[in-house]
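Below you'll find the structure, written out as structure tokens, and then a few comments.
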2 protein chains.
Amino acid sequence: MKSLQIHIDVSPELYLKNPDSSELGRKIVSNSIEMINELGFEAFTFKKLGQKINSPESSVYRYFENKHILLIYLLSWYWSWLDYRLVFATANIDSPIEKLKKALKVLTQATVIDQSVSHINEVLLSKIVVSESAKAYHTKEVDNENEKGFFKAYKQVVQRVSDLVLAMNQHFEFPHMLISTVIEGAHQQRYFAEHLPSLTDVKKETDSVTEFYTQMVFKVLQ
Amino acid sequence: MKSLQIHIDVSPELYLKNPDSSELGRKIVSNSIEMINELGFEAFTFKKLGQKINSPESSVYRYFENKHILLIYLLSWYWSWLDYRLVFATANIDSPIEKLKKALKVLTQATVIDQSVSHINEVLLSKIVVSESAKAYHTKEVDNENEKGFFKAYKQVVQRVSDLVLAMNQHFEFPHMLISTVIEGAHQQRYFAEHLPSLTDVKKETDSVTEFYTQMVFKVLQ
DNA sequence: GCTAATATAATAGTATTACTATCAATTTTG
DNA sequence: CAAAATTGATAGTAATACTATTATATTAGC
């Protein structure tokens, strides 16, 4: 039995040469995920990455314009992957309530299982999403980059789940606000639980994050 | 009639020399607020700041270890100021519901009025809080810096409002989670409204942010 | 009003970062 | 097998994030 091979595409605006098209490209992507986790985005450089993969930094520059755009590439990959998981998780479910519940689970649960779709370590990538996402769009170039479609994948996820919200309650005025609050909130709470615990009430070994946000959404939609 | 002169203190761990103690220190703080707004935190440097205020960058370094700590100083100032406003806004109100409502208003409303407490432009500072906050704690040094008390002021605000939540509903399990979700969410939504509008439903000229989060909190606490 | 202490200015210097450029060696493809 | 494309090796540049040093002001105590 062959396992289902899904393939995640990222907008071509985000790379100079598709990293998925060569061994070097895939090494750049997978090793950058590891390095950003180890060093944090600030201390991560193309030079250090080059040393790790035994390639000159100039080779890395042939794939990505700079590390900022590489970060957006990684985040886009993540959101496309999540979007795929959302479609899959909500397929063949009729009840809008159940559909939304499933979707919220996908959005708010920690990524633990490494069902590794490819050369990408989704668990490590999820940690990058939690710790570094905000840096991708809190820049002076957001508007520009937004026009170029850099944040399409993320917006699509928000749109998909907002539609589920509207399917449950057509008259609800703030579906995007609700869902972006949930997504960002869930990440935030996991980060706080680890580093600034007095800002949250997450208990270890329970899934209070999913519990809290699921309750929240359904109470708001009542 | 003399206007009430309040004074905001920031933890001494955040500066080498108190910028409030000299003309140069105050110039550093007020001009850094302007510059971070103009250039964004990434492009802001002590050298450029020095040029703006006609002082060498080495003089700036005598006040702040680096620009990262200066950012945390500014954010701490903001949260202490907000904490003061919270106390003021909720004073002499008996009803826990009304107290919480007022607090949520202070937390979620845009800072428009420049009731300038000192040399600090609170409107510009609020914009920094919205755009740059996440960069202050999404670093590899969070745990270290948290131990040193760098985030005390923010935690105090969350604690204060969480207590109001508990005053309304003693049995609610997630007060900190709820309030940190509201604070971060409100900032996020204002940022999205300006730069990534498809992630929100904020309508210009209305205060949907305050409306949404106030409704959310009260529904969750029902 | 003078001296000593302190703060600031002026200037220089260093390692690292974030690139860009060039050319040779290797691999791929038609 | 030749041409094209990709990668490696190496060098170089401007800017950043500091640190250090010494001279000049300013202030504070006596």
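What you see is a predicted model, and the numbers here were worked out from it, not measured in a lab. Residue numbers begin at 1 in each chain, while the letters A, B, ... track the order of the sequences.
Remark: B:K48 is in phosphate contact with D:dT16, judged by side-chain N or O atoms under 4.0 Å from OP1 or OP2. The side chain of A:S55 places an N or O atom within less than 4.0 Å of a non-bridging phosphate oxygen (OP1 or OP2) of D:dG8. Put simply, A:S59 has no side-chain N or O that comes within less than 4.0 Å of OP1 or OP2 on D:dT7.
Protein atom CG of A:L49 is 14 Å distant from nucleotide atom P of D:dT7, rounded to whole Å. The separation between B:L24 atom CG and C:dA9 atom C1' is 10 Å, rounded to whole Å. As a whole-Å value, the separation of A:Q51 CD from C:dT16 P is 11 Å. The CG-P distance, from B:L16 to C:dA7, rounds to 12 Å in whole Å. Spacing between atom CD of A:E23 and atom P of C:dT28 amounts to 11 Å, rounded to whole angstrom units. Atom-to-atom, CD of A:E65 to P of C:dT17 comes out at 20 Å; the value is rounded to the nearest Å. To the nearest angstrom, P of D:dA14 lies 20 Å from CG of A:N66. To the nearest angstrom, C1' of C:dA18 lies 12 Å from CZ of A:F41.
B:Y61 comes within 4.0 angstrom of a base, heavy atoms only. Across all strands shown, A:K47 has no heavy atoms under 4.0 Å from either base or sugar-phosphate atoms. Nucleic acid contact for A:Y63: sugar-phosphate only, since backbone atoms but no base atoms lie under 4.0 Å from a heavy atom of the residue.
Minimum interatomic distance between B:I33 and B:L125 (heavy atoms only, all atoms of both residues): CG2-N, 3.9 Å.
With distances taken from any side-chain atom of B:E57 to the nucleotides D:dC18, C:dA9, D:dT7, the minimum falls on D:dC18. For B:K17, taking side-chain heavy atoms from C-beta onward, the closest of the listed nucleotides C:dT8, D:dT16, C:dC19 is C:dT8. Out of C:dA9, D:dA20, D:dT7, the shortest distance to the side chain of B:S58 is found at D:dA20.
With hydrogens and angles left out, the side-chain atoms of B:S133 and B:Y78 include no donor and acceptor closer than 3.5 Å.
Nearest-nucleotide positions on DNA chain C for A:R62 and A:T45 put A:T45 closer to the 5' end.
Of the candidates A:K155, A:R160, A:K152, A:R160 is the only one forming a salt bridge (Lys or Arg N to Asp or Glu O under 4.0 Å) with A:D83.
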From CA spacing to verdict: ring-ring contact (aromatic ring centres under 6.0 Å, His included), B:Y191, B:H195: CA-CA 6 Å; B:Y191 190 84; B:H195 301 290; 4.6 Å; yes
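Relative ring orientation between B:Y137 and B:Y154 is described as parallel, the plane-to-plane angle staying below 30° on a 0-90° scale split at 30° and 60°.
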